Amino acid sequence: MEFIDYYKVLEIEKNASIDDIKKAYRKLARKYHPDLNPNDESAKRKFQQINEANEVLSDPEKRKKYDQYGKDWQHAEEFEKARQQRGQQTYQESTGQTNYGFEQDDDFSEYFASMFGGKSGSGSRGQVKFRGQDFNAELKLNLLDVYKTHQQTLTVNGKNIRLTIPAGVEHGQTIKIAGYGGPGANGGPNGDLYITFSISNNTKFKREGNNLYTSVDVDLYTAVLGGELTVETIDGKVKLTVAPETQNGTKIKLKNKGFPIYKQEGQFGDLYITYNVKIPTNLSEKQKELFKELSKTN
């Protein structure tokens, strides 16, 4: 299997922090997402590598194994167990007890290969269990679908999976469903299924993280004199009090009226509203005269 340097894939240094990894993943996932690169097989492969690299390096335990064993990190536990057995066998040989054919000066990589399907030792005992292949799938949803936690049934590789989708998942985010990948070999465990969310936005709200942004028209008279305004949020309508002499481009914040925060039940971001003051058109002659009189007062 070709070795893939996950650090190079995410364009980070080996001493990168968890925050560095998270930022790099989000940046590259957006850049190479299939929706932004249709019919581009190289971008698709890059996107898969980015998700694979993030899955390993964002997990401290997996990262530790990867740093030590490289492409064979998934077999680290088997190797450690085999190395312990080899130590016991060396002891047995030195004391005249039975050994099982391991050479005393095997190169590290050759010995590792003999454990996982390369060459075989002259007295190998039993077969090594191999973990199954991981699968990748994409689930397309719209923004309102992920506003609330809900369930969907997916069919992957002939298996029906009832999946709970938490509110607040982001475009390009990947989750793991353990055990739904390819079957293991020699009694080994199944691989995992990685689902990447592709979220389209057909609302008037712009989403940035957990916050939502929109603009609302305000007529000139309400902007000047003040009054009430009914506006839509993503989950219903609310009434706002517009202060007198409100300027065009004024921004207000509605706390907790944004998007749900992923896996933080009952927690929401904020909604930011920008006022667009509309200048009246098709004025009557009387209205024009009134504006002229008003202008004279200034």
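Values in this document were obtained by computation on a predicted structure and should not be read as measured data.
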Minimum heavy-atom distance [X]-[Y], with the two atoms named:
X      : Y      : value
Asn201 : Arg207 : ND2-N, 4.4 Å
Asn248 : Asn276 : OD1-CA, 3.4 Å
Pro166 : Lys263 : CG-CE, 4.1 Å
Gly172 : Asn51  : O-OD1, 4.3 Å
Leu10  : Ala53  : CG-CB, 3.9 Å

State, yes or no, whether a side-chain contact exists between [X] and [Y] at a heavy-atom distance under 4.5 Å.
X      : Y      : value
Tyr147 : Phe259 : yes
Pro280 : Leu283 : yes
Val56  : Asn54  : no
Asn211 : Tyr213 : yes
Ile252 : Tyr275 : yes
Ile175 : Tyr194 : no
Phe197 : Thr174 : no
Ile273 : Val231 : yes

To the nearest 0.5 angstrom, please state how far the [atom1] atom of [X] sits from the [atom2] atom of [Y].
X      : Y      : atom1 : atom2 : value
Asp19  : Ser58  : CG    : OG    : 12.0 Å
Ser215 : Lys251 : OG    : NZ    : 10.5 Å
Leu141 : His150 : CG    : NE2   : 5.5 Å
Lys239 : Lys237 : NZ    : NZ    : 11.0 Å
Leu212 : Asp270 : CG    : CG    : 9.5 Å
Gln151 : Leu154 : CD    : CG    : 11.0 Å

Pair [X]-[Y], side-chain donor/acceptor within less than 3.5 Å:
X      : Y      : result
Asp235 : Thr233 : yes
Asp35  : Ser198 : yes
Thr153 : Asn160 : no
Glu170 : Tyr262 : no
Thr196 : Glu138 : no

Using a 6.0 Å cut-off, check whether atom [atom1] of [X] has over 12 heavy atoms from anything other than its own residue.
X      : atom1 : value
Glu13  : CD    : no
Lys22  : NZ    : no
Asn39  : CG    : no
Lys204 : NZ    : yes
Gln287 : CD    : yes
Lys159 : NZ    : yes

Do you reckon [X] sits in the same ILVMFWY cluster as [Y], going by side-chain contacts under 4.5 Å, direct or chained?
X      : Y      : value
Tyr7   : Leu28  : yes
Tyr221 : Val216 : no
Leu139 : Val146 : yes
Ile165 : Ile234 : yes
Leu290 : Val224 : no

Intermediate values then yes/no, side-chain contact (heavy atoms from CB on, under 4.5 Å), Tyr25 and Ile50: CA-CA 7 Å; Tyr25 167 70; Ile50 290 165; 3.6 Å; yes
From CA spacing to verdict: side-chain contact (heavy atoms from CB on, under 4.5 Å), Leu220, Thr222: CA-CA 6 Å; Leu220 178 64; Thr222 302; over 6 Å; no
With sequence neighbours excluded, residues passing salt bridge (charged side-chain N to carboxylate O under 4.0 Å, His left out) with Asp145: none
Centroid separation Tyr66 to Tyr6 less than 6.0 Å: yes
Aromatic ring proximity, centroids under 6.0 angstrom, Phe135 and Tyr180: no
Those residues that, when tested against Glu41, pass side-chain contact (heavy atoms from CB on, under 4.5 Å) (two or more places apart): Lys44, Arg45
Could you tell me whether [X] and [Y] have a side-chain N and a carboxylate O separated by less than 4.0 Å?
X      : Y     : result
Lys176 : Asp59 : no
Lys27  : Glu11 : no
Lys64  : Glu61 : no

Ring pair (Phe, Tyr, Trp, His ring centres under 6.0 Å) involving Phe47 - partner list, sequence neighbours excluded: His33
Derivation and outcome, side-chain contact (heavy atoms from CB on, under 4.5 Å), residues Ile12 and Leu57: CA-CA 11 Å; Ile12 56 177; Leu57 298 185; 4.2 Å; yes
Under 3.5 Å: donor-acceptor pair, side chain of Asp40, backbone of Ala43: yes
Test item: Asp134 side-chain N/O and Asp192 main-chain N/O as donor-acceptor pair under 3.5 Å: yes
Working for side-chain contact (heavy atoms from CB on, under 4.5 Å), residues Glu285 and Lys288: CA-CA 5 Å; Glu285 289 302 318; Lys288 291 179 182 178; 3.9 Å; yes
